[in-house]
Amino acid sequence: MPEILEVEDARALIAAEGLGREIASTFTPDTWYLKRGLTPRAARSALVGRRFAAARRRGKLILVDTEGADGPGPVLGLHLGMSGRVVIDGDEAGDPLIYASNRDVPEWRRFGVRFVDGGALYVRDPRRLGAVELEPDEDRLGPDAFELTLRHLRSVTSRSNAPIKAVLMNQARIAGLGNLLVDEALWQAGIDPARRSDSLSAEDQARLHRAIRKTLRTLQRRGGSHTGDMPRVAAVPCPRDGALLQRRTVAGRTTFSCPQHQT
DNA sequence: GATGACCTGTGA
DNA sequence: TCACAGGTCATC
């Protein structure tokens, strides 16, 4: 469930149901899923006997603080990739993924912990593009999209000649915006995704900033990244002006936009 | 920067 | 069978 809204739902689920429960064992059937040197043995050593103390998030990276009798433990980092979901005691957060399977096939459980109380938390990820790591480096990510200021947006957009869509999706610049949210925000702001980032006027930047904030708020309320107003369908009328929406590749991703009002 | 690679499931 | 999928990472 990638993109910041779904990741935030997953974080909230962990915060609501996963904290304070002693970990009895770890479940690491897919060692390929463990990244940055993490091993099943290291995961067990880091987690068993400890509890999750807090669930934080930066962009699409979930950070779970741990604590034990001896004080703070390591930080667990969870990436959900394109198709990952967090499941706790059988509950999962967020809306169903549109293009991914939502069935709970046991083989898709890539990582998990069992609690002493008998419950469990695990990550289900059919495509295996997610990742689990310890002590993730948060500083490789820019400020979280929910905290995006106009000042920061001006700074990152004016310093790149890449397509504006590429800049917005660059997690080192702004953390959390993905393919759907960016297309929706650019459609709201009336800016062509392929336009050079440094060609945005001060007014464009301000409009884009408002559009990003509005898109995050609105789609979060509606329940997911795919609930935008712009249909992700080629050659259907733009809800704003009736021009036929176009589909193309920008910044390496499938991109929908209105050739009429996005300039 | 754009491109391909990573991996697997779904739906036409 | 093929194209496609809400993400990242290495490589030219």
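Computation of the quantities below employed the complete heavy-atom set of this structure, encompassing side-chain atoms and omitting hydrogens, waters and symmetry-equivalent molecules. Proteins get letters first, then strands, A, B, ... in listed order; numbering begins at 1 in each.
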Discussion item. What is the separation between atom CG on A/D125 and atom P on C/dT8, rounded to the nearest whole Å?
Written reply: 12 Å
Discussion item. From C-beta outward on A/R253, which listed nucleotide comes closest to its side chain: B/dG1, C/dT8, C/dC9?
Written reply: C/dT8
Worksheet item: Side-chain N or O of A/N179 less than 4.0 angstrom from OP1 or OP2 on C/dG7?
Response: no
Worksheet entry | Greater than 12 external heavy atoms within 6.0 Å of A/R50's CZ | yes
Worksheet item: Taking the side chain of A/L129 as heavy atoms from C-beta outward, which of C/dC9, B/dC7, B/dG9 is closest to it?
Response: B/dC7
Worksheet item: Paired with C/dT8: which nucleotide, if any, by Watson-Crick or G-U wobble criteria at under 3.5 Å for both distances?
Response: B/dA5
Item to complete: Give the rounded distance in Å between these two atoms: CD1 of A/I62 and P of C/dG7.
Response: 14 Å
Discussion item. With a 4.0 Å cutoff (strictly under), does any side-chain N or O of A/W32 reach OP1 or OP2 of B/dC6?
Written reply: no
Worksheet entry | Interatomic distance where CZ belongs to A/R140 and C1' belongs to C/dT8 [whole Å] | 10 Å
Worksheet entry | Under 3.5 Å donor-acceptor pair, A/R128 side-chain atoms to B/dC7 base atoms | no
Worksheet item: CG of A/L61 versus C1' of C/dC9: gap in Å, rounded?
Response: 15 Å
Worksheet item: What's the closest nucleotide to the A/P163 side chain, out of C/dG7, B/dA2, C/dC9?
Response: B/dA2
Worksheet item: For A/R207, does the CZ atom sit with more than 12 other heavy atoms under 6.0 Å from it, leaving out its own atoms?
Response: yes
Practice prompt. Kindly say if A/Q171 contacts the phosphate of C/dT8, meaning a side-chain N or O under 4.0 Å from OP1 or OP2.
Written response: yes
Response to the item:
Rounded to whole Å, the CD1-C1' distance (A/I174 to C/dT8) equals 17 Å
Worksheet item: According to a strict under-4.0 Å criterion, is A/T254 in side-chain N/O contact with OP1 or OP2 of C/dC4?
Response: no
Discussion item. Among A/L186, A/V236, A/V250, A/D183, exactly one meets side chain to side chain contact (heavy atoms under 4.5 Å, CB included) together with A/F256. Which residue is that?
Written reply: A/D183
Practice prompt. Select base, sugar-phosphate, or nothing to describe what A/R247 touches, counting heavy atoms under 4.0 Å on all strands.
Written response: sugar-phosphate
Worksheet item: Is the shortest distance from a Lys or Arg side-chain nitrogen in A/R248 or A/D192 to a carboxylate oxygen in the other one below 4.0 Å?
Response: yes
Item to complete: Tell me whether the OP1 or OP2 atom of C/dC9 has a side-chain N or O from A/R36 closer than 4.0 Å.
Response: yes
Worksheet item: For the pair made of OH in A/Y33 and P in B/dC6, what is the distance, rounded to whole Å?
Response: 18 Å
Fill in: Nucleotide C/dT8, atom C1' - distance to CD of A/E3 in whole Å
13 Å
Item to complete: Mind calculating the distance between NE2 (A/H79) and P (C/dC9) to the nearest angstrom?
Response: 6 Å
Worksheet entry | Criterion side chain to side chain contact (heavy atoms under 4.5 Å, CB included) against A/V182, the qualifying member of A/K165, A/E3, A/R253 | A/K165
Worksheet item: What nucleotide among B/dG9, C/dA5, C/dT8 has an atom nearest to a side-chain atom of A/K60?
Response: C/dT8
Item to complete: Would you check if A/D198 and A/T157 make a side-chain contact, meaning some heavy-atom pair closer than 4.5 Å?
Response: no
Worksheet item: Between C/dT11 and B/dC7, how far is it from one P atom to the other, in whole Å?
Response: 15 Å
Discussion item. Under 4.0 Å from OP1 or OP2 of C/dG7: is there any side-chain N or O of A/R127 that close?
Written reply: no
